[in-house]
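As the structure is a prediction and not an experimental result, all values here were calculated from the model.
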Amino acid sequence: LMDGRMDGLREDVLRALRIANSGGDEQAKKDLASDMEEQVSNINDSLTANTTLDLPPEIRAGYQKVQGLMQAVLDATDAEVKLAYSDPKAADAAYDAYDGKFEAVEAAMDDTRTALIAADQATEADGQQTFKSGPWIQIAIGAVGLALLTIVAFLATRAALRLLGGTTD
C-alpha cells in the first residue's frame, strides 16, 4: 500500500506541474487537492494502524521512524505542489531533490519489513517446535490417564469384591 501511495504522491507533483504549465485550471487544482487529501489520509491511516499493532519493540520503532520520515515527505509534497503552481520552472528543477526524499522512507520501510519477516520466521520456528513436541505431550497425558484408570479399576474391583463377600485380603 505504501509503495503505491508514495508513487501517487510523486504523480500528484507531476500533475501539479502539468496543471501549472497548461494554464492553471482551477477545477484541475481542486481535483488534485482532493486526490492528495485522500492519499495523505490513506497513508496516515495505514501508519497509525501499523503503530497500534502489538508488535515487537524494534518493529514498532521501525514503523514510528517511517511515520516521521513520511511526514517529511508529505510536507515536501505540499511544498513542491505549491511551488509548481507559483513557479513551475523552479518546481521542475527541484523535482529530483524532492524525489530523493523518498529514499529515506523506502530504506526505513525495507528495514522494518526485514525485521517483520525475521520476527515472523522466529514465531514460525517456535510454532514448529511446539508442533513437534505436541505428540509427546499427548502420549504423556495418555499414559497418566491409563495409569489412573488402572488404579481406579483396581480399587473398584477390590471394593466390589468386599461388598459381595469376597475379600481381597
Side-chain angles (χ1 to χ4, degrees), residues 1-15 31-81 96-169:
L1 173 69
M2 292 297 288
D3 289 338
R5 293 299 176 189
M6 288 192 303
D7 289 342
L9 292 173
R10 291 178 177 113
E11 177 59 29
D12 289 343
V13 169
L14 295 174
R15 276 178 60 194
D31 291 344
L32 176 58
S34 175
D35 289 346
M36 287 179 63
E37 185 177 325
E38 181 180 351
Q39 299 258 35
V40 169
S41 176
N42 288 339
I43 288 169
N44 287 332
D45 289 349
S46 177
L47 288 171
T48 299
N50 288 338
T51 57
T52 59
L53 295 173
D54 184 24
L55 296 169
E58 66 275 5
I59 296 171
R60 182 181 305 279
Y63 279 126
Q64 289 170 343
K65 180 178 180 180
V66 168
Q67 195 169 25
L69 293 169
M70 183 54 77
Q71 188 56 51
V73 167
L74 295 175
D75 293 343
T77 301
D78 285 341
E80 188 72 9
V81 167
D96 287 339
Y98 161 74
D99 193 47
K101 295 186 184 299
F102 287 87
E103 291 174 12
V105 176
E106 290 166 348
M109 286 174 51
D110 287 344
D111 292 346
T112 302
R113 188 176 301 120
T114 299
L116 191 56
I117 289 170
D120 183 52
Q121 289 171 341
T123 301
E124 186 173 333
D126 288 347
Q128 287 296 331
Q129 184 58 36
T130 300
F131 182 74
K132 287 178 183 176
S133 64
W136 293 109
I137 293 170
Q138 291 173 342
I139 289 170
I141 291 171
V144 168
L146 185 59
L148 290 175
L149 185 59
T150 302
I151 291 169
V152 168
F154 172 75
L155 294 175
T157 302
R158 187 173 163 190
L161 288 175
R162 279 191 184 154
L163 288 174
L164 294 174
T167 181
T168 59
D169 295 331

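Under the rule for a side chain to side chain donor-acceptor pair (under 3.5 Å), the partners of D35 that lie at least two apart in sequence or sit in another chain are R15. Scanning for ring-ring contact (aromatic ring centres under 6.0 Å, His included) contacts around Y98 gives Y95, F102, with sequence neighbours left out. D75 pairs by the side chain to side chain donor-acceptor pair (under 3.5 Å) definition with Q71, not counting sequence neighbours.
Using modelled atom types, one side-chain atom of R60 and one backbone atom of L53 make a donor-acceptor pair closer than 3.5 Å.
The closest side-chain heavy-atom distance from L161 to T157 is below 4.5 Å. Proximity of M6 to V73: side-chain heavy atoms (C-beta onward) are nowhere separated by under 4.5 Å. Side-chain contact between D110 and R113 is present, with at least one heavy-atom pair separated by less than 4.5 Å. Side-chain contact between V40 and T77: absent, with no pair of heavy atoms (C-beta onward) separated by less than 4.5 Å. Residues N44 and M70 are not in side-chain contact: their nearest non-hydrogen atoms beyond the backbone lie 4.5 Å or more apart.
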| task | Check the pair T48, Q67 against side chain to side chain contact (heavy atoms under 4.5 Å, CB included), reporting the backbone distance first and the verdict last. | result | CA-CA 8 Å; T48 299; Q67 195 169 25; 3.9 Å; yes
**Request:** For N50 and V66, run side chain to side chain contact (heavy atoms under 4.5 Å, CB included): C-alpha distance rounded to whole Å, both residues' side-chain angles, the deciding distance at 0.1 Å, then the answer.
**Result:** CA-CA 10 Å; N50 288 338; V66 168; over 6 Å; no
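Taking both residues in full, the closest heavy atoms of D78 and M36 are given as OD1-CE, 3.5 Å, listed atom of the first, atom of the second, then distance. Contact detail for T112 and I59: the closest heavy-atom pair is CG2-O, 4.0 Å. Nearest approach of A108 to L69, heavy atoms of both residues: CB-CD1, 3.7 Å. Between D12 and V81, the closest heavy-atom pair is O-CG2, 4.4 Å. When all heavy atoms of K101 and A76 are compared, the pair lying nearest together is CD-CB, 3.4 Å.
Atom CZ of R5 is separated from atom CG of N42 by 4.0 Å, given to the nearest 0.5 angstrom. Between atom CD1 of residue I117 and atom CD of residue E124 there is a gap of 12.0 Å, rounded to the nearest 0.5 Å. Atom-to-atom distance recorded for E80:CD and D99:CG is 9.5 Å, nearest 0.5 angstrom. To the nearest 0.5 angstrom, L14 atom CG is 10.5 Å from L32 atom CG. For the atom pair CD of E38 and CG of D45, the computed distance is 10.5 Å after rounding to the nearest 0.5 Å.
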